There are 2 protein chains.
Amino acid sequence: MATPGKGEPKYLQIAADLRASITSGERGPGSRLPGENDLMAAYQVARETARKALAQLINEGIATPRRGAGVYVREFRPVIRNGITRLSGQTWPEGKSVWGEEAEGRSLEVGGVQVSEDDPPPRAAILLGLGDGERVIVRDRRYLLDGKPVLLARSYLPASLVAGSRITQADTGPGGTYARLADLGHAPAHFREDLRARMPEPGEVASLGLAPGTPVVEVIRTAYTSSGEPLEVSEMVADASAYVFRYDFTST
Amino acid sequence: MATPGKGEPKYLQIAADLRASITSGERGPGSRLPGENDLMAAYQVARETARKALAQLINEGIATPRRGAGVYVREFRPVIRNGITRLSGQTWPEGKSVWGEEAEGRSLEVGGVQVSEDDPPPRAAILLGLGDGERVIVRDRRYLLDGKPVLLARSYLPASLVAGSRITQADTGPGGTYARLADLGHAPAHFREDLRARMPEPGEVASLGLAPGTPVVEVIRTAYTSSGEPLEVSEMVADASAYVFRYDFTST
DNA sequence: TAGTGGTCTAGACCACATT
DNA sequence: ATGTGGTCTAGACCACTAC
């Protein structure tokens, strides 16, 4: 059960042993890994060295610690967020699933909608082409997967465009914000989504309840009219262990 | 310069102080953080505690250690990978940049192309709809940004479809693999990309030269003919600190 | 050479969940 | 009540780089 080892640090060798037992399927999702005391005895190392081995797997995101209980193998059962059919209503050939069971029998719902008017942050002001003193309507919301928050979203819309409309209320009615924009004569026609992955800030760890070793995906979506006028900037931060982002497109 | 602190662990308080000095702009990208000895003296803590504070920032991906030199603030200057215009040749309104300077004056080139024939791995076999014993052409390549690898790509194509064509050679000629597929009467028409972010495996850390605290983005692209026949599965692993993924689409 | 981060040890106390 | 992981200390030796 032990790896001979050469110049490799002990804690990485121990981590490699444990990782191999996971990827080989010997230890399945949800199973418990040997604890600090077990590793100290099995490998004849100090407590801190055993801890570093477990910390390595935790930081890789393949294991997660439970206080007073042990360290456990994580699983990955993502929700698929579809970038285009969700927005256009277009259907697409059903793909085979390579991501496991997906959201079968799980609930994904929106909560905590809050609306306010404010000065735009610099990034939103740039994308919306707003000048000094122009204000925005800010719409906050969270997506909950089985009650646990998995995505935080904040949208900015020029106040001059949507003031007095239902977009300034929590419930935007059937079709949501984009339908209301269309009602106002500003139908969204083009969308751009920029995706970036990074490790979370401590505030995001708290608000998303992220396990150690879990990155976030930052999505910045901009909606434009057919003439290229920016209508809305939406900034999302998603728990990367909960989402797969899907984009379908057709070559012209 | 010290935070009073309550129930918060010391090392997180120290990390928070340093993080604040970074996000406030007081310490810019490339600047050096206080070393272990500095922190021990400034906060009256043991060496391991000072180390954990720095390790925290390193694992968050906002700082990176240089042996024998110190710990330095990282910067983020990504390449933008455009999901649709790259494939369709379609142009799009130029967006304002919110990602910093982007790839100005930097080179992004392909290297290390390798082609072989093999049995498909399970995931590719499922997506390509291949039965037992059917083989695939495997095309490996790497993308180098200023000489440093930032993306690893591996494509699978049914051997029965492309055997004998230029797709089995390293240089596929003008227009690349998709142009050759069209030549063969199998023009790609639909594409699907699934993106997922996760922490890298140790092998990926080595082959991409990833700094600690850097996630990877895993992209699985499937190309289909207009009749829905799968042509190619491409699996990519990208350095998340080097890429922004961009998707443009038009509502119908 | 001096200073840096990287690894490791041997102890300790704590808060927590019940493997 | 026992064992778990979480934090912290005070030392040590090493490999690496040049602040």
Side-chain angles (χ1 to χ4, degrees), chain A residues 2-3 5-16 18 21-22 27-60 62-74 202 205-206 210-213, chain B residues 2-3 5-16 18 27-60 62-74 202 205-206 210-213:
Chain A
T3 303
K6 322 182 174 187
E8 185 107 340
K10 287 186 193 175
Y11 78 95
L12 286 181
Q13 293 178 35
I14 301 173
L18 296 174
S21 75
I22 293 170
R27 299 179 199 276
S31 66
R32 185 178 180 279
L33 292 173
E36 298 176 358
N37 296 334
D38 302 320
L39 294 177
M40 287 169 69
Y43 290 92
Q44 293 295 308
V45 293
R47 160 159 261 104
E48 282 299 322
T49 305
R51 286 187 57 73
K52 283 201 76 173
L54 292 170
Q56 175 67 21
L57 300 181
I58 291 166
N59 281 329
E60 287 175 18
I62 64 182
T64 201
R66 293 218 295 265
R67 287 273 277 267
V71 178
Y72 292 80
V73 179
R74 287 179 67 175
V205 171
L210 295 173
Chain B
T3 302
K6 323 185 174 186
E8 185 106 339
K10 288 186 192 174
Y11 78 94
L12 287 181
Q13 292 178 36
I14 299 172
L18 295 174
R27 299 181 198 278
S31 67
R32 184 178 181 279
L33 292 173
E36 299 177 357
N37 297 333
D38 302 321
L39 294 178
M40 288 168 70
Y43 290 92
Q44 293 295 307
V45 292
R47 159 159 262 104
E48 281 298 323
T49 304
R51 286 188 56 72
K52 284 201 74 173
L54 292 171
Q56 175 67 21
L57 300 181
I58 291 166
N59 280 328
E60 287 175 19
I62 64 183
T64 201
R66 293 217 295 264
R67 284 272 276 267
V71 178
Y72 293 80
V73 179
R74 288 179 65 176
V205 171
L210 295 173

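Just so it is clear, the structure is predicted and the values come from calculations on it, not from any experiment. Order of the sequence lines fixes the chain letters, A, B, ..., with proteins taken first and strands second; residue numbering starts at 1 for each chain.
- The nearest whole Å value for the distance from the CE atom in B:M40 to the P atom in C:dT4 is 11 Å.
- The interatomic distance linking B:E48 (CD) with C:dA10 (P) rounds to 14 Å, in whole Å.
- Distance CG (A:L12) to P (C:dT7): 7 Å, rounded to an integer number of Å.
- Picking from D:dC19, D:dT4, C:dG5 the nucleotide with the shortest atom distance to the side chain of B:V71 gives C:dG5.
- Across all strands, A:R67 comes closer than 4.0 Å only to sugar-phosphate atoms, never to a base (heavy-atom distances).
- A side-chain donor-acceptor contact under 3.5 Å links B:R32 to the backbone of B:A69.
- Separating the CD1 atom of B:I14 from the C1' atom of D:dC8 is a distance of 11 Å, rounded to the nearest angstrom.
- When the side-chain nitrogen and oxygen atoms of A:T49 are compared with OP1 and OP2 of C:dT9, one or more of them lie within a distance under 4.0 Å.
- Distances were taken from every side-chain heavy atom of A:P9 (C-beta onward) to each of D:dA10, C:dA10, C:dT7; the shortest belongs to C:dT7.
- Atoms CD and CD, from B:Q13 and B:E8 in turn, are 6.0 Å apart once rounded to the nearest 0.5 Å.
- Rounding to the nearest 0.5 Å gives a distance of 8.5 Å between CG of A:L33 and CD1 of A:I58.
- Put simply, B:R51 has a side-chain N or O that comes within less than 4.0 Å of OP1 or OP2 on C:dG6.
- When rounded to the nearest whole Å, the span between CZ of A:R27 and P of C:dT19 equals 18 Å.
- Put simply, the residue from A:T64, A:I22, A:I62, A:L57 that forms a side-chain contact (heavy atoms from CB on, under 4.5 Å) with A:V73 is A:I22.
- The nucleotide whose nearest atom lies closest to any side-chain atom of A:P65 is, among D:dC19, D:dG5, C:dA17, D:dG5.
- For the pair A:E8 CD and C:dC8 P, the interatomic distance rounds to 10 Å; values are reported in whole Å.
- Distance A:R47 CZ to D:dG5 C1': 8 Å, rounded to the nearest Å.
- In this structure, A:K52 reaches the C:dT7 phosphate: one of its side-chain N or O atoms is under 4.0 Å from OP1 or OP2.
- Applying the 4.0 Å criterion to OP1 and OP2 of D:dT7, one finds that B:Y11 has a side-chain N or O inside that range.
- Proximity of B:N37 to the phosphate of C:dG3: no side-chain N or O atom is located under 4.0 Å from OP1 or OP2.
- Heavy-atom minimum distance, B:E60 versus A:P202: OE2-CG, 4.1 Å.
- Here the C1' atom of nucleotide D:dC13 and the NZ atom of A:K10 are 13 Å apart, to the nearest Å.
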